[in-house]
Every structure is written in structure tokens, then in C-alpha cells.
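What follows is a single structure, written as C-alpha cells, with notes after it.
The chains referred to below are lettered A, B, ... by the order of the sequence lines, with proteins before strands, and numbering in each begins at 1. Quick caveat: nothing in here was measured; it's all calculated off a predicted structure.
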Amino acid sequence: MARHLITSAIPYINGIKHLGNLVGSQLPADLYARYLRARGHEVLFLCATDEHGTPAELAAAKAGKPVADYCAEMHAVQAELARGFRLSFDHFGRSSSRQNHALTQHFAGKLDAAGLIEEVQEQQVYSNADKRFLPDRYIEGTCPNCGYDKARGDQCENCTKQLDPTDLIAPRSAISGSNDLEVRQTKHLYLRQSVLKDTLDAWIDSKTDWPVLTTSIAKKWLHDGDGLKDRGITRDLDWGIPVRRGKEEWPGMEGKVFYVWFDAPIEYIACASEWSEAQGLDASAWERWWRTDKGADDVRYTQFMGKDNVPFHTLSFPATILGSAEPWKLVDHLKSFNYLTYDGGQFSTSQGRGIFMDQALEILPADYWRWWLLSHAPESSDAEFTWENFQVSVNKDLADVLGNFVSRITKFCRSKFGERVPDGGAFGPDEMDLLHAIQERLGRYEALMQAIEVRKSAQELRAIWASGNEYLQTVAPWSTFKTDPEKAAMQTRLGLNLAHFFGVISSPFVPDASEVILESFGTPAAGWPESANTAVDQLKAGHAFTVPDVLFAKITDEQREKWQSDFSGT
RNA sequence: GGCGUUAUAGCUCAGUUGGUUAGAGCGAACGACUCAUAAUCGUUAGGUCGGUGGUUCAAGUCCACCUAACGCCA
């Protein structure tokens with residue numbers, strides 16, 4: 001059995017994420033992790049919060065808290081929401097961890113030794129009032145092109161012209177509004193990614209099974225204009241990982257920290273170390289996942305992310321790893337997603353537009369969101385969330401097709417045979433047809449899940465649920481019972497086994513409902529079926545069960561209308 | 001402005017390397033069943049595959065141009 005390392009893009013610490021963020025990385029990663037575990041694979045599924053950088057500092061200041069405290073609190077909040085959505089991380093780490101500090105500094109040292117770090121003198125805007133250097137986007141002023149008075153230092157949002165902070169007329173700090181700004185000399189480290197361009201290009205070319213979204217973005221960055229550009233990896237900030245060359249000081253870089261995009265992906269590795277520490281294991285426990293010289297050769301590493309994160313994962317992070325010349329594991333498969341839009345527009349954190357993770361869980365259980373989001377995952381293009389579609393999909397798929405099936409067969413059995421799997425009868429042509437159909441669908445479902453075809457997997461799973469209803473409708477045990485109780489017993493026994501089977505194979509999508517189904521049959525640890533034949537022979541005659549409560553209550557029109565207006569944004 | 005992605009039935013989407021009458025789910029109409037959360041099952045209707053031109057014996061599927069939406073531009 002292969003071992004699988006799975007990481008989800010790490011969410012930024014600054015606030016609660018919306019459903020678009022969730023479906024773009026953490027949720028599909030969880031689906032895949034749960035599936036592989038269910039199939040008996042050894043899985044290490046990691047995620048963390050991305051905690052460094054200016055936005056975190058500003059959010060902390062706004063909350064009136066020290067940035068470290070703020071991050072610790074928000075980490076706890078995000079961890080709780082992850083649990084709420086049943087995200088089955090083996091560890092949910094923090095990019096501010098001791099391990100990440102050490103590892104980030106280690107990589108910088110190795111890259112420098114390999115001649116891949118360049119020291120560059122640059123001019124940057126410094127705010128005397130804020131006592132800090134200002135990133136381009138935190139400088140506001142009047143656009144020289146269109147006269148818009150809230151243009152940012154990197155771009156004018158009104159006329160979309162690319163700008164340099166020094167282009168702005170009457171520049172001011174976006175943080176304090178102060179116009180007491182000056183341009184200062186400062187020194188920064190650049191990662192010479194351009195040196196690795198051909199290596200990265202060849203590596204990307206070898207990945208023929210990646211989504212086009214992934215490779216097209218990577219290729220574009222590699223070949224656009226002058227090709228892959230070097231990137232600054234340091235910043236003049238307080239909050240971050242101090243610039244060091246391994247364990248040594250880095251003369252001339254005192255008081256500076258690594259830029260967040262450099263240390264964030266390294267947290268994928270550091271997180272494994274945090275995991276082994278939390279588990280009370282020694283270093284070899286995590287190194288066998290990450291070091292190809294220490295046992296990670298048989299690991300298959302899959303990353304999940306939204307499309308905005310693709311450049312970092314296809315180019316910058318691989319450049320860091322390859323450039324270190326150390327035997328770190330590179331990503332094998334990279335699954336990227338487009339955006340989820342909300343009633344015709346974008347989700348927006350700043351405008352409070354859309355649905356956020358905490359709000360979602362306040363109105364409905366995780367399974368509802370998991371099902372809708374995964375069955376509508378933005379794989380081939382952006383996907384739109386609408387309340388009407390959500391209501392219809394959830395009611396039909398979960399309540400009618402799956403939930404009602406479990407309900408109808410367990411209640412039928414209870415009324416005719418009692419709460420035990422009935423004995424007697426033998427399979428006939430109808431049953432053979434059903435088994436044949438299910439065997440085929442199960443095989444397709446497994447192949448699609450293996451290939452991380454999220455939407456198609458959901459479709460296939462739904463079709464399997466529907467086959468249960470088709471079967472009952474065809475053989476009609478309620479009629480058979482009147483003339484041939486033995487045969488009705490066989491049909492009912494098969495129906496109950498189908499419900500049990502659905503419970504097992506649905507767990508990656510709807511883990512809570514799956515658990516309820518299996519508990520009602522008293523088989524919480526039921527394993528993945530080897531075939532349709534064994535799947536429908538798990539519950540033997542005489543096996544006791546209880547009728548579960550309604551698995552999925554329907555969303556009413558009143559609820560939908562209320563939520564629609566509650567979440568319309570302002 | 002440059003680049004990229006997308007554009008297929010009312011809605012959400014599938015359509016492998018170009019090859020017989022373009023598919024699914026939802027919604028709609030009709031019918032069946034009555035065990036079940038008025039749930040389920042079946043049948044039917046519905047598309048000149050964004051537009052124009054081209055390559056080919058043959059194009060939704062390749063090429064060019066155009067249009068629209070979305071995104072990225074370090």
C-alpha cells in the first residue's frame with residue numbers, strides 16, 4: 001500500500017475564511033485523504049495557518065492585541081472551524097512555529113551556499129508616522145493616469161493601471177493616512193529562480209497528468225516576457241522569521257524577516273515535524289514523509305490549492321527545494337481549483353459578501369455544505385453558488401435520494417420483519433442485474449476518486465444511491481410480501497445491505513451521515529467493500545439494527561429566503 | 001494592454017487521441033407505485049454545441065479571426 005502525503009494550501013491567519021476558500025483547497029484535500037484512508041492507505045494530511053506578514057500585523061493592531069496573541073487566537077478559531085467541517089487533518093500547524101523558523105532559515109542558508117541568493121539594494125517607501133516600511137499596496141494617493149484619489153501603490157483600482165508607489169501624486173500611508181513619507185535605501189535578499197528556469201520547465205513538462213489549469217499557469221510564468229523572474233524573499237517587518245543563514249547571523253540583514261511567501265510553503269515540511277512532536281514521535285517519523293534519503297521514496301505527495309496559489313507551488317517552492325540540493329520530496333500531483341462565486345459576484349471578505357465558514361455551520365450541519373461544495377467544485381471553470389441551487393441539490397441528493405432510501409428500507413423492515421435483518425430467499429435475476437450495475441459503478445467511483453475528479457465522483461456516488469431506489473421500486477418488497485414473504489425477506493435483506501454499503505462508501509463526502517448509518521447497523525468500523533457481492537453480504541440474517549433519525553432534513557423555502565436576504569451583503 | 005481559462009438543452013455540467021441519430025442530473029409534462037422525509041421509479045419534450053471563415057471523406061472535438069464572462073499580470 002502506497003503512502004500518501006497530502007497538503008492543503010494554508011489559509012491566511014487574518015480572519016475567517018469563506019466557502020470559496022474552503023472548496024478550493026481544504027475540502028477536496030479532505031475528501032481525498034478520507035478516501036485513501038478508507039482504502040487502507042497510510043496517509044499524512046497536513047494543513048496550517050499562514051501567519052506572517054503585514055496583514056496579520058494590521059489585523060492585530062486593529063484588534064488591539066499583540067500580533068503573536070492575535071495569531072494564536074485566530075489559529076484556535078480556524079482549527080475549531082476545521083473540526084466543524086470535519087476536516088481530518090493529521091495536524092493543523094502554524095507557520096510561526098519553532099520548526100518553521102529553523103527550517104526556513106536552514107533553506108535560506110542552503111540556497112545561499114548554492115549561489116541562489118542575491119543581495120539587492122532597493123528604494124522603499126518608509127512612513128515616519130508608522131515607523132515602518134510600507135508595502136506598495138499600503139501606499140495610497142492620486143492616480144497620475146486617471147486622477148482617482150484612492151489609487152494604491154501597486155495599481156490603480158479605478159483605471160487598472162500598474163503603478164509604482166513613486167508615481168502617485170500626494171502619496172500617503174494607507175495605515176495611518178500620514179503623508180510624512182520618505183524613500184529609503186534598504187537591502188533585500190532575492191531568490192534567483194531564473195537560474196532554475198530550465199530545470200523547472202522540464203519538471204513541469206514531465207507532469208502530464210496535472211490539470212491544465214495548473215500547467216498553463218506555471219508555463220505562463222515561466223515563459224511570459226523575460227521568463228521567470230527572481231523574487232524578493234525578505235521584508236522590513238517585525239513579525240516574521242528573522243533572516244538568518246541557517247543558524248548563523250546574516251550580516252547586513254539585521255531586523256529583517258523572510259517574506260511570507262518564502263516561509264509559508266516551507267511550513268508544509270515544518271508541519272510534519274510539528275505533527276511528530278505532537279504525537280510524541282521522534283524525528284524519523286516525519287522525515288520518512290519528506291526526505292527521500294530517509295524513506296520518503298515511496299511517498300506520493302499531492303497538493304491542493306486555489307488557482308491563485310499555483311505559481312508558488314509550481315515554481316517558487318520547487319525552486320526552494322531543488323535549489324537546496326537536499327533530498328526533499330517534491331510534489332507528485334498538484335490539484336488546483338478555480339473560484340466559487342456568490343450570486344453573480346465574487347466572495348468578498350472586506351465587503352462581507354458571501355458565506356463564511358462560521359456562518360455556514362451556524363445554519364446547517366457540515367455534511368450539507370460538504371456535499372454541495374464538492375459536487376459543484378470549481379474544477380473546469382469558476383462555479384457559482386446560488387441559494388436556489390443549493391436548496392434543490394441538497395434536498396434532492398441528500399434528503400430524497402440517500403436519506404429517504406435509508407429511511408424507507410429500515411422502516412419497511414421494522415414494520416414487516418422487526419429490527420433484525422430477515423432470513424430466507426435467494427437472489428434471482430433482478431438481484432444479479434443490480435449487483436452487476438453496482439459493481440460497474442463502484443469501479444468507476446473508485447477510479448474517479450483516485451484521479452481526484454471531484455464532481456464526477458460525486459455524480460457517480462449519487463448514481464449508486466439512486467440504484468438502491470431503482471431496485472426497491474422494481475422488486476417492490478411491499479407487494480412481494482403479500483404473496484411470497486421469503487422473497488420479500490431476501491429483497492429487504494439486500495436493501496438493508498445497500499443502505500449499509502452506502503454508509504461505507506459515502507464517508508469521504510458526508511462523514512457524519514455515514515457515521516449515523518453505520519451506527520444504526522452497529523458496524524462503526526465497517527471497511528471498504530472488495531466488490532459489490534461482498535458489499536451486499538455484510539449484514540447477515542439476524543443482524544440487529546435500529547432505524548436512524550432523519551438523516552437530512554430538507555431546506556424549506558422559508559429558510560432559503562431568509563438566508564438569501566441575511567447573506568445578501570451590504 | 002499582455003496572457004490564460006471558459007462559452008454545449010430553461011438551470012448546473014459531461015463529452016477520451018476529430019467518425020454512426022450530441023449525453024447526465026435538476027426543472028417541466030405525463031404515467032406507475034404507495035415501503036419511505038408527498039419521498040421513489042419510468043417515459044417524453046427541449047440544443048443549427050457563442051459567432052464567422054478554414055482544414056478534412058468527416059469537427060462540439062483541429063486552425064484563424066471575432067464576441068462575451070471570469071481570472072492573472074510577480
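Along RNA chain B, the nucleotide closest to Ala553(A) and the one closest to Lys307(A) are compared, and the more 5′ of them pairs with Ala553(A). Both Ser467(A) and Tyr339(A) lie near RNA chain B, and the one whose nearest nucleotide falls closer to the 5' end is Ser467(A).
Note on Ala466(A): only backbone sugar-phosphate atoms sit closer than 4.0 angstrom, heavy atoms only; bases stay farther off.
The separation between Trp261(A) atom CH2 and C72(B) atom C1' is 17 Å, rounded to whole Å. Rounded to whole Å, the distance from NZ on Lys554(A) to P on A36(B) is 15 Å. Distance Leu398(A) CG to C26(B) C1': 14 Å, rounded to the nearest Å. In this structure, CZ of Arg493(A) is placed 22 Å from P of C35(B), rounded to the nearest angstrom. Atom CG of Asn395(A) is separated from atom P of C26(B) by 13 Å (rounded to the nearest Å). For Phe552(A) and U37(B), the CZ to C1' distance is 12 Å, given to the nearest whole Å. The distance between atom OH of Tyr259(A) and atom P of A74(B), rounded to the nearest whole Å, is 11 Å. Nucleotide G25(B) holds its P atom 22 Å from the CZ atom of Phe390(A), rounded to whole Å.
Taken residue by residue, residues 402-439 of chain A places heavy atoms nearer than 4.0 Å to RNA chain B at Gly403(A), Asn404(A), Ser407(A), Arg408(A), Lys411(A), Phe412(A).
Enclosure of atom CG in Asp557(A) by more than 12 non-hydrogen atoms of other residues, nucleotides or ligands within 6.0 angstrom is indicated.
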ask   = How would nucleotides 11-16 of chain B be written as a contact map, 5' to 3', with B for base contact, S for sugar-phosphate-only contact and - for no contact, using protein heavy atoms under 4.0 Å?
value = -SSSS-
inquiry  = Each nucleotide in nucleotides 27-34 of chain B should get exactly one letter: B, S or -. Can you fill that in based on protein heavy atoms under 4.0 Å?
reply    = ------SS
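Checking A74(B), U40(B), U37(B) against every side-chain atom of Asn469(A), the shortest atom distance belongs to U40(B). Residue Ala399(A) has its side chain nearest to U37(B) when only C26(B), U37(B), C72(B) are considered.
Listed by chain and residue number, Phe412(A), Phe481(A) satisfy the side chain to side chain contact (heavy atoms under 4.5 Å, CB included) test with Lys416(A) (two or more places apart in sequence, or in another chain). Checked against side chain to side chain contact (heavy atoms under 4.5 Å, CB included), Arg420(A) has the following partners two or more places apart in sequence or in another chain: Ala544(A). Taking the salt bridge (Lys or Arg N to Asp or Glu O under 4.0 Å) definition, one finds that Arg444(A) meets it with Glu440(A), Glu460(A), sequence neighbours left out. The ring-ring contact (aromatic ring centres under 6.0 Å, His included) search around Phe133(A) returns Tyr126(A), not counting sequence neighbours. Considering only residues two or more places apart in sequence or on other chains, Ala29(A) meets the side chain to side chain contact (heavy atoms under 4.5 Å, CB included) condition with Ile6(A), Ser8(A), Phe45(A), Phe304(A). Partners of His313(A) by ring-ring contact (aromatic ring centres under 6.0 Å, His included), not counting sequence neighbours, listed by chain and number: Tyr268(A). In terms of the ring-ring contact (aromatic ring centres under 6.0 Å, His included) criterion, His543(A) has no residue partners (sequence neighbours excluded).
Between Phe502(A) and Leu402(A) the shortest side-chain heavy-atom distance falls below 4.5 Å. No side-chain heavy atom of Thr234(A) sits under 4.5 Å from any side-chain heavy atom of Lys187(A). Between Leu340(A) and Glu384(A) there is no side-chain heavy-atom pair separated by less than 4.5 Å.
Distance noted for atom P between U61(B) and U16(B): 11 Å (whole Å). Remark: the separation of the C1' atoms in G54(B) and A14(B) is 28 Å, to the nearest Å. One P atom belongs to G50(B), the other to U8(B), and the distance between them is 6 Å to the nearest Å. Rounded to the nearest Å, the gap between the C1' atom of G10(B) and that of A59(B) is 27 Å. Rounded to the nearest Å, the gap between the C1' atom of A29(B) and that of U6(B) is 33 Å. When the C1' atom is used for both G19(B) and A45(B), the distance is 28 Å, rounded to whole Å. Taking the C1' atoms as reference points, G18(B) lies 29 Å from C70(B), given to the whole Å. For the C1' atom pair drawn from U5(B) and G25(B), the interatomic distance equals 25 Å after rounding to whole Å.
Its glycosidic angle being within 90° of 0, G46(B) falls on the syn side.
In this model, no donor atom of one side chain and acceptor atom of the other lie less than 3.5 Å apart for Gln26(A) and Asn21(A).
Aromatic ring orientation, Trp239(A) versus His52(A): perpendicular (interplanar angle above 60°, classes split at 30° and 60°). Between Tyr259(A) and Trp261(A), the two ring planes are perpendicular [angle over 60°; tilted spans 30° to 60°].
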remark   = For RNA chain B, the dot-bracket notation using Watson-Crick and G-U wobble pairs below 3.5 Å, [ ] for pseudoknot-type crossings and | for other-strand pairs, is (((((((..((((.....[...)))).(((((.......))))).....(((((..]....)))))))))))).
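Sorted pairs that involve residues 426-460 of chain A and meet ring-ring contact (aromatic ring centres under 6.0 Å, His included), not counting sequence neighbours, are lacking altogether.
Taking the six-membered ring for Trp and the full ring otherwise, Phe552(A) and Trp371(A) have centroids separated by 6.0 Å or more.
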